[in-house]
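Computed from a predicted structure; not experimentally measured.
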Amino acid sequence: MDVKKILHILAAKEGINSSELVRRLSKYTGKEISVTSFLNRMNTGTIRYNEVDKIAEMLGYEIEFKKKP
């Protein structure tokens with residue numbers, strides 16, 4: 001599953017859309033984040049891990065890597 005789908009699922013679980021997710025992330029980080037720029041990075045797959053980590057943290061989730069059995 002790609003990052004875009006994962007972020008859409010997390011946003012949906014929180015009852016918000018992608019634009020609201022970006023607005024909340026901007027407020028959470030204290031940095032101005034363009035909704036258009038962020039959505040473009042999601043669509044092209046160039047979103048950074050630290051951004052995804054901040055979104056997960058903001059929404060109360062954590063990223064976990066597990067070794068396959």
Side-chain angles (χ1 to χ4, degrees):
M1 187 179 307
D2 65 357
V3 173
K4 180 180 175 182
K5 287 181 184 176
I6 292 169
L7 292 178
H8 280 294
I9 290 169
L10 289 179
K13 284 183 177 182
E14 299 302 314
I16 58 176
N17 61 26
S18 296
S19 296
E20 179 62 22
L21 181 72
V22 176
R23 283 190 278 281
R24 288 185 185 188
L25 179 63
S26 184
K27 185 176 179 181
Y28 183 76
T29 62
K31 298 178 183 177
E32 183 65 32
I33 301 170
S34 162
V35 173
T36 304
S37 173
F38 189 85
L39 294 178
N40 283 340
R41 288 197 310 276
M42 275 183 31
N43 288 331
T44 59
T46 57
I47 189 169
R48 295 181 178 181
Y49 173 81
N50 64 339
E51 292 172 308
V52 176
D53 188 47
K54 283 288 181 196
I55 291 169
E57 180 181 303
M58 175 186 74
L59 296 176
Y61 294 89
E62 63 182 22
I63 298 172
E64 180 179 348
F65 293 96
K66 289 184 177 181
K67 186 160 178 102
K68 291 182 179 181

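- Checked by atom type, the side-chain pair R23/S19 shows no donor-acceptor distance below 3.5 Å.
- Contact check for N43 versus K4: side-chain heavy atoms found under the 4.5 Å cut-off.
- Once rounded to the nearest 0.5 Å, the distance linking CG of L39 with OG of S34 reads 8.0 Å.
- Annotation: the span from I47 atom CD1 to L7 atom CG amounts to 5.5 Å, rounded to 0.5 Å.
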Would you please test L59 and L21 for side-chain contact (heavy atoms from CB on, under 4.5 Å) and show each step?
-> CA-CA 9 Å; L59 296 176; L21 181 72; 3.8 Å; yes
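- Closest approach of N17 to E20, counting heavy atoms only: OD1-N, 2.8 Å.
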Would you sort out whether I63 and Y49 count as a side-chain contact (heavy atoms from CB on, under 4.5 Å), showing the intermediate values?
-> CA-CA 10 Å; I63 298 172; Y49 173 81; 3.9 Å; yes
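- Atom CD1 in I33 sits 7.5 Å away from atom CZ in R41 (nearest 0.5 Å).
- Between R24 and E14, no side-chain nitrogen of the basic residue sits less than 4.0 Å from a carboxylate oxygen of the acidic one, so the salt-bridge criterion is not met.
- Atom NE2 in H8 sits 11.5 Å away from atom CD1 in I6 (nearest 0.5 Å).
- Smallest separation of non-hydrogen atoms from K54 and Y28: O-CE2, 4.1 Å.
- To the nearest 0.5 Å, atoms CD (E32) and OG (S26) are separated by 4.5 Å.
- One N or O on the side chain of T29 and one on the backbone of L25 form a donor-acceptor pair closer than 3.5 Å.
- Atoms CZ and CD, from F38 and E51 in turn, are 5.5 Å apart once rounded to the nearest 0.5 Å.
- Looking at residues two or more places apart in sequence or on another chain, you find a side chain to side chain contact (heavy atoms under 4.5 Å, CB included) between K66 and E64.
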